[in-house]
Amino acid sequence: MYSVVKRRQLSDTIVLLEVAAPAVAQKAKPGEFVIVRQNEDSERIPLTIMDFSSEKGTITIVIQEVGYSSALITRMQEGDAFIDFVGPLGQATEIENYGTVLCVGGGVGIAPVHPIARGLKEAGNKVISVLGARNKELLILEEEMRAASDEVVITTDDGSYGMKGFVTHGIQSVLDKGVKIDAIWAIGPVIMMKSVANFTRPLGIKTIVSMNPVMVDGTGMCGACRLDVGGETKFACVDGPEFDAHKVDFDLAMKRSVFFRNEEAAAYHQVKCQCEKEGK
Amino acid sequence: MASKAPRHEMPCQDPIVRGKNFSEVALGYTTETAIEEAKRCVQCKKPKCVEGCPVNVSIPQFIEKVAEGEFLEAAKILKTKNTLPAVCGRVCPQESQCESKCLLGIKGESVAIGRLERFVADYEMANGTGKFAKPTPSGKKVAIIGAGPAGLTCAAELAREGHAVTVFEALHVAGGVLMYGIPEFRLPKAIVQKEISSLKDMGVEILVNQVVGKVTSVQELMESGYDAVFIGTGAGLPYFMNIPGENLNGVYSANEFLTRSNLMKAYNFPANATPVKVGEQVAVLGGGNVAMDAARTALRLGAKDVYIVYRRSMTELPARAEEVHHAEEEGIQFKILTNPVQINGDENGNVKSMTCLRYELGEPDASGRRKPVPIEGSEFELPVQTVVVSIGQGPNPLVTTTTKGLALNKHGNIAADENTMATSIPGVYAGGDIVTGAATVILAMGAGKTAAASINEYLKTK
């Protein structure tokens, strides 16, 4: 069993869990993900890795409550355990010294950007991070990102903290200072990653996104996570999750992500009712 | 002579009733029927049936015990050669193996060997002690990658010899295709788990959630003290048709569709949290056993019209006759000599139809089967909301691409010696679908058994 050794509430709906998984922690690298099942009847869901420590034997994940499965996980307390915790999965980030890199995280997408930023910094890059959230309350992991970056730019949709605007405005503000950007990692909602891709395409800046579609096994066996990348079908679980942002068909990814929306809503309703009954 | 009695039919759930549930279709022989059927066996001096069995079960011997009513004795004989008899009795293509060689089959109907095997295995599960005599430990350690039919058989054979065996399984449960692929109504998962638990009783250790190639590697296993490794990772990479519209919502690979329904028990949604959904019209592309499983699953999930779309004719269907028969009984519609050229979607990206071409059969091709040729101008639209692509699986590259020095063939399958299952790396053996490409449960078990014999010999030299 994979126990939660530390729990931190990052916002109303976002929770950080440090989980004991020594074998996974031993091998984890930036950009990889895990597949978890909360209990015997749970779905297998992919979660990106926010941090890992081979010394402590832990993997840290950050999860936002958006449906049934995530609701079960955000309600876990220290000492609770996942029945299954598989990984590390996917291709790791290609960490090398590119020069000056931008690490862009939107919402809960800031979590997977964290180890990438740290890895890129350790490899000698100048790391500028652009963190976006709807408002100040929803901005997560600022302190950790400051430690992993040389500079941090913050944007909020409502202007309650940092610049008012979207992450693309944050990227523009860096460019306005005359900084030459050699590569960009952008992780967040699909619509945000699409905006960043459209923003950087005419500028010719290498841009990598990390896709998080629906998965079942996470090992290339089922193809549920398929994407169109440059006209070719790719499996996010084994070919990704990182892809060239300028080649990903984001519209298709958005359509595919809502296929089970009605089913998920029905299940979510059920867990909410259950939790209210139990007073959680 | 007893052999003049007709072969005993397998009692089954009514087709209309079973089309709405996931309970097992074939109900199994009663003790009386089993004894009667066993008495049909003429006990050939040189039994051809045994030659037809990839794991050489002592068929006449176990059947003789059934005829005598000594069912536990029969089970003992069966289990010396076959570690998963309750599975094989249900899913082996007996008609093209043991039963095809049966003397009675020349002039009439062969002995129902598969049904008797299932009867004996089920009887033993319900009434046996399940105890094994533990062999003397050999002091040797073997790692098995993949807990499917090949890996489990190899593990059991090696455990019998006293070797310490650890099985590394990527999914959260052991069984491989027996758990994720073959549906509950054909192979109850409780039966699979009981067979696996008897392997654990033999001392086989099974570790789940271990994706070899990611969390560890073949090389690391060898370095960490395993004296030999067997790779039985199966055919876990779904093929798609590569036609326009294949990434629309409602298009599944058969692997995804069946994994959701079987392994994740989506038919029990929302009690089990993984969803699966089908439209009123479902097209399953392909004509193999997996296609039949997908079609029959779609029906049980509530589809009104389920079509098998296959480009050749009924005679070329690669699925077992029994599976085709069951599918037809349940109302699965066969759109043969038909192939899709495009899947069409609505404005939300959901499947609404398939554009198909009609085919006719031409000259025999390289496979010896008459080649399907498209009929010009025969294009038509088939309204469907769900498409399940079931045209085969390739080798999953997670292990093969992370194992230095492992020779592969041009399809990406592991190149293993036919007789010994040895790979290009000393001490590393492979068998099952990862070597042959997608085949049957029993062939994988045969390969696992052959590999175990080779590994046993290899360990003597160490």
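Convention: sequence-line order gives letters A, B, ...; per-chain numbering from 1. Fair warning: this is a prediction, and the values are worked out from it, not measured in the lab.
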Legend entry - Residue pair T233(A), E246(B): steps toward the side chain to side chain contact (heavy atoms under 4.5 Å, CB included) verdict: CA-CA 9 Å; T233(A) 293; E246(B) 231 169 358; over 6 Å; no
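- Neither the backbone nor the side chain of L258(B) comes within less than 4.5 Å of any heavy atom in chain A.
- In this structure, T259(B) and D217(A) have side chains that are not in contact, with every pair of non-hydrogen atoms separated by 4.5 Å or more.
- Within the 4.5 angstrom heavy-atom criterion, atoms from both the backbone and the side chain of T219(A) approach chain B.
- Heavy atoms of F235(A) lying under 4.5 Å from chain B belong exclusively to its side chain.
- If you measure heavy-atom distances from F257(B) to chain A, you find no contacts under 4.5 Å at all.
- Proximity to chain B is limited to the side chain of E32(A), based on heavy atoms less than 4.5 angstrom apart.
- Heavy-atom minimum distance, N350(B) versus F259(A): OD1-CD1, 4.2 Å.
- Atom CG of L171(B) sits about 9.5 Å away from atom CG of D84(A), to the nearest 0.5 Å.
- Interface residue V251(B): backbone and side-chain heavy atoms are both found under 4.5 Å from chain A.
- No side-chain donor-acceptor contact under 3.5 Å links R44(A) to the backbone of T274(B).
- Of the charged side-chain nitrogens involved, at least one lies within less than 4.0 Å of a carboxylate oxygen, so that K27(A) and E220(B) count as a salt-bridged pair.
- Of the atoms belonging to A271(B), it is backbone heavy atoms, and not side-chain ones, that fall under 4.5 Å from chain A.
- Looking at R37(A), only its side chain comes within 4.5 Å of chain B, counting heavy atoms on both sides.
- Using modelled atom types, one side-chain atom of K214(B) and one backbone atom of G90(A) make a donor-acceptor pair closer than 3.5 Å.
- Counting non-hydrogen atoms of neighbouring residues, nucleotides and ligands closer than 6.0 angstrom, the CD atom of Q219(B) reaches no more than 12 such neighbours.
- Between E43(A) and F269(B), the closest side-chain pair of non-hydrogen atoms is not below 4.5 Å.
- Taking both residues in full, the closest heavy atoms of L398(B) and V238(A) are given as CD2-CG1, 4.3 Å, listed atom of the first, atom of the second, then distance.
- Scanning all heavy atoms of the two residues, the minimum distance from A170(B) to V86(A) falls at O-CG1, 4.1 Å.
- Heavy-atom distances place no part of Q393(B) under 4.5 Å from chain A, backbone and side chain included.
- The residue among P238(B), G234(B), G236(B) with the most heavy atom pairs within less than 4.5 Å of chain A is P238(B).
- Contact of V214(A) with chain B is made through the side chain alone, with heavy-atom distances under 4.5 Å.
- Remark: side-chain polar atoms of S253(B) are not paired, donor with acceptor, to backbone N or O of G223(A) under 3.5 angstrom.
- N247(B) and D228(A) share no donor-acceptor pair across their side chains, judged by distance under 3.5 Å alone.
- N249(B) contributes a side-chain N or O that, together with a main-chain N or O of K255(A), makes up a donor-acceptor pair within less than 3.5 Å.
- Closest approach of R256(A) to L248(B), counting heavy atoms only: NH1-O, 3.6 Å.
- Residue I45(A): no heavy atom, backbone or side chain, is found under 4.5 Å from chain B.
- The most heavy-atom pairs under 4.5 Å with chain A, out of H172(B), K265(B), E256(B), M264(B), come from H172(B).
- The candidate from L89(A), V258(A), V24(A) with the greatest count of non-hydrogen atom pairs under 4.5 Å with chain B is L89(A).
- When every heavy atom of Y68(A) is checked against every heavy atom of A273(B), the shortest pair comes out as CE2-CB, 3.2 Å.
- The two atoms that bring R226(A) and Y252(B) nearest to each other are NH2-N, 4.5 Å, heavy atoms only.
- In this structure, R261(A) places its CZ atom where only 12 or fewer heavy-atom neighbours from other residues, nucleotides or ligands lie under 6.0 Å away.
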